[in-house]
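Please read the structure below before turning to the comments.
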Amino acid sequence: MATIGYEGVLKMIEELTTNAGQIQDEVLREILSRNAGTEYLRGFLHGQTEKQLFKKNVPIVTSGTSGGQPKMTPVTAQVTKNCELFRGFYESPVIKHFGDINQAGKRMELMFARPEIETPSGLKAASVSTSIYKESKFRTILPKLYTSPIETIFCPDPNHGLQCQLLFGLIQRDEVVTIGSLFASTVLRGIKFLENHWQELCYDIKTGRLSDWITDSGCRNAASLVMKPNPEQADLIESICNCKSWEGIIRKLWPKARYIGCICTGVMRQYIAELEFYCRGLPLVSAFYACSEAICGINLEPLCKPYDVSYTFLPSMAYFEFLPVENDHDESIDMKKNDEDTELVDLVNVKAGQCYELVVTTCAGLYRYKVGDVLMVSGFYNNAPQFQFVERKNVILSVDQEKTSETDLSKAVTEAKALLDPLGFILTEYTSYVDTSSAPGHYVLFWEIKGKEGKHCKELDPKIMVECCSRMEESLHYTYKIYRKRNIIAALEIRVVKQGSFEALMDYYVSKGTSLSQYKKPSCIKSEEALKILDSRVIGKYFSPKSPL
């Protein structure tokens, strides 16, 4: 891919999207030809490979990894090849707009690997990102293109690894041309960590020695190879960090950075406002859409606003089908059809404006597999559809028979947090759960709030928080409001938690085996332990004073 240059890759994208229907048929034919003899497919296809027989006989199965339940998916040679091709596909539009950053300098990308596990049959298993970091090709290009040594990526303690990656990023600040991580939440964790530890990092740079509490031998060995006393650089970084407001701090610390690269769509949308505060003017680039089950699409317009990102699906990556999704909040009483009664739609036959749940068939052995992501068709590029991420299916709050989706919740939070902005406060994190400890049950939102210009959230008028509760209820769907009026649902509650509470939540999930690079904060808390972490940090509770009109 690299030999043909980004312009050649863009031409390939033109060909793929123009011939999307034909390529999809070829992908399915190749998968079935290779795997029709497997035990699973043999039971439905009896060794045949016709598309119509596949669509008629092979059942739809569930569902993805982002809902909190880890799954294992096989990594074949074809999967590895697709990953390599995909990198060229999603980087080419970025290079078109920002230049070849691989030639311009280094990436300060926060990356975290998890230890491999062994399956009962003796196979090695690892997270997707860890598999990439283990590849010899990645390790070869790492010193030239990235600021983080491999030892800091594979450090067993995520906090040790994060401290060291930030340290190396600061030492090489004049070479950094892009900053990022897989998800926006990880970038923010890095900036907040820096906000709390910059004095220690400056001391390390000044003395040329790594802090004693970093005990990992790999990190210490990597530091010993590059660190030397640099009081002048330490003083400069200290003067930048020692300011009243950290607005625009990323541009100040890394003046040559061209953009922030991380996924800002889906559940990561909630981090956009705070990221924009820290980067002030640097573009936020969500370059691609992929899931553990399949590689899907790329962002052909990396300069577009993060809220407007659409992903163009690449027909060569997997065989894609789409299950139409109905609006749960229509005031009519039509029952939703069962999946078995709904015909799946092919990639090229989806309709603009319609929402679908993604279903994939892959070369790795997944057949008509419901990923659990709901997407909306925003348009077409040539003959390939473009999608905006809407929500994770079935991530909902429900007290009685109402269903509040991730999108419903996000819209309501967006309306409510608008009351904070003019007062100099930012909602940095939120999550939710349904409290049924008393009757009737009610929705609870945990909010972490940050003040601008050195403000403390204790300065926030309680009346504003009560109004935020009301605004949220007014912004929720029709069924919720009817149930509130009938006292089937009690008043919505916002619990404000102290700074760092959501970092503690992330630490909990990481301690349970979640990869820091792939951590997605749950939109709805199900774990009792996670709930205790947030509840123990509550500094204020507020309720909606009346039913929404």
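Bear in mind that the values here come from a model prediction, so they are computed numbers and not experimental data.
A donor atom on one side chain and an acceptor atom on the other are found under 3.5 Å apart for Asp373 and Tyr289. Ser405 and Asp408 are linked by a side-chain donor-acceptor pair at a separation below 3.5 angstrom, with hydrogens and angles left out of the test. Between the side chains of Thr404 and Tyr443, at least one donor N or O sits under 3.5 Å from an acceptor N or O. Lys106 and Gln172 share a donor-acceptor pair across their side chains, judged by distance under 3.5 Å alone. The closest side-chain donor-acceptor pair between Tyr271 and Glu429 falls under 3.5 angstrom. Remark: the Gln163 side chain and the Asn159 side chain contain no N/O donor-acceptor pair separated by less than 3.5 Å.
For Glu448 (side chain) and Phe502 (main-chain N/O), a donor-acceptor pair under 3.5 Å exists by modelled atom type. Looking only at distances, no side-chain donor or acceptor of Arg280 sits under 3.5 Å from a matching main-chain atom of Glu247. Here the side chain of Ser410 pairs no donor or acceptor atom with the backbone of Thr407 at under 3.5 angstrom. Without hydrogens or angle criteria, Glu357 side chain to Leu375 main chain gives no donor-acceptor distance under 3.5 Å.
Exactly one residue among Val510, Leu162, Thr152, Ile153 makes a side chain to side chain contact (heavy atoms under 4.5 Å, CB included) with Phe112. That residue is Leu162. Applying the side-chain hydrogen bond (donor to acceptor under 3.5 Å, both in side chains) test between Ser211 and each of His197, His160, Glu200 identifies Glu200 as the sole match.
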Intermediate values then yes/no, side chain to side chain donor-acceptor pair (under 3.5 Å), Tyr369 and Thr362: CA-CA 9 Å; Tyr369 192 91; Thr362 72; over 6 Å; no
Salt bridge (Lys or Arg N to Asp or Glu O under 4.0 Å) between Lys192 and Glu503, intermediate numbers included: CA-CA 9 Å; Lys192 290 178 179 179; Glu503 287 190 31; 5.4 Å; no
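For the atom pair CD1 (Ile179) and CZ (Arg251), the distance works out to 10.5 Å, reported to the nearest 0.5 Å. The CD1 atom of Ile191 sits 10.0 Å away from atom CD of Glu274, with the distance rounded to the nearest 0.5 Å. Distance check, rounded to the nearest 0.5 Å: SG of Cys291 to CD of Glu293 gives 4.5 Å.
Relative to the ring axis of Tyr430, Lys521 places its NZ or CZ within 45° and under 6.0 Å from the centre.
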Show me the donor-acceptor pairs, under 3.5 Å and distance only, between side chains in residues 302-310 and residues at least two apart or in other chains.
unit_1 : atom_1 : unit_2 : atom_2 : d
Ser310 : OG     : Ser378 : OG     : 2.7

Only pairs under 3.5 Å count here: list side-chain donor-acceptor contacts from residues 531-542, not counting sequence neighbours, and write none if there are none.
unit_1 : atom_1 : unit_2 : atom_2 : d
Asp535 : OD1    : Arg495 : NH1    : 2.7
Asp535 : OD2    : Arg495 : NH1    : 3.4
Ser536 : OG     : Lys532 : O      : 3.2
Ser536 : OG     : Ile533 : O      : 2.8
Arg537 : NH1    : Ile533 : O      : 3.0

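With sequence neighbours left out, the side-chain contact (heavy atoms from CB on, under 4.5 Å) criterion links Asn102 to Glu91, Asp100, Arg107, Leu145. Shown here are the salt bridge (charged side-chain N to carboxylate O under 4.0 Å, His left out) partners of Lys124, two or more places apart in sequence or in another chain: Glu118. For Arg209, the salt bridge (charged side-chain N to carboxylate O under 4.0 Å, His left out) partners at least two apart in sequence or on another chain are Asp212. A search for side chain to side chain donor-acceptor pair (under 3.5 Å) contacts involving Ser131 returns nothing, not counting sequence neighbours.
In terms of heavy-atom proximity, Asp507 sits nearest to Arg189 at OD1-NH2, 2.5 Å. The minimum heavy-atom distance linking Leu170 with Leu194 is given by the pair CD1-CD1, 3.9 Å. In this structure, Thr62 and Lys370 approach most closely via the heavy-atom pair CG2-CD, 3.8 Å. The two residues Leu314 and Ile298 come nearest to each other via the heavy atoms CD1-CG2, 4.0 Å. In terms of heavy-atom proximity, Val434 sits nearest to Ser398 at CG2-N, 3.7 Å. For Cys468 against Ile494, the heavy-atom pair with the smallest separation is CB-CD1, 3.9 Å.
Between Phe138 and Tyr146, the gap from one ring centroid to the other is short of 6.0 Å. Residues Phe320 and Phe313 place their aromatic rings such that the two centres sit under 6.0 Å apart. For Phe86 and Phe288, the ring centers sit closer than 6.0 Å to each other.
Phe154 and Tyr133 have perpendicular rings, their planes meeting at more than 60° on a 0 to 90° scale where under 30° would count as parallel.
Using a cutoff of 4.0 Å between basic side-chain nitrogens and carboxylate oxygens, Glu195 and Lys450 are scored as salt-bridged.
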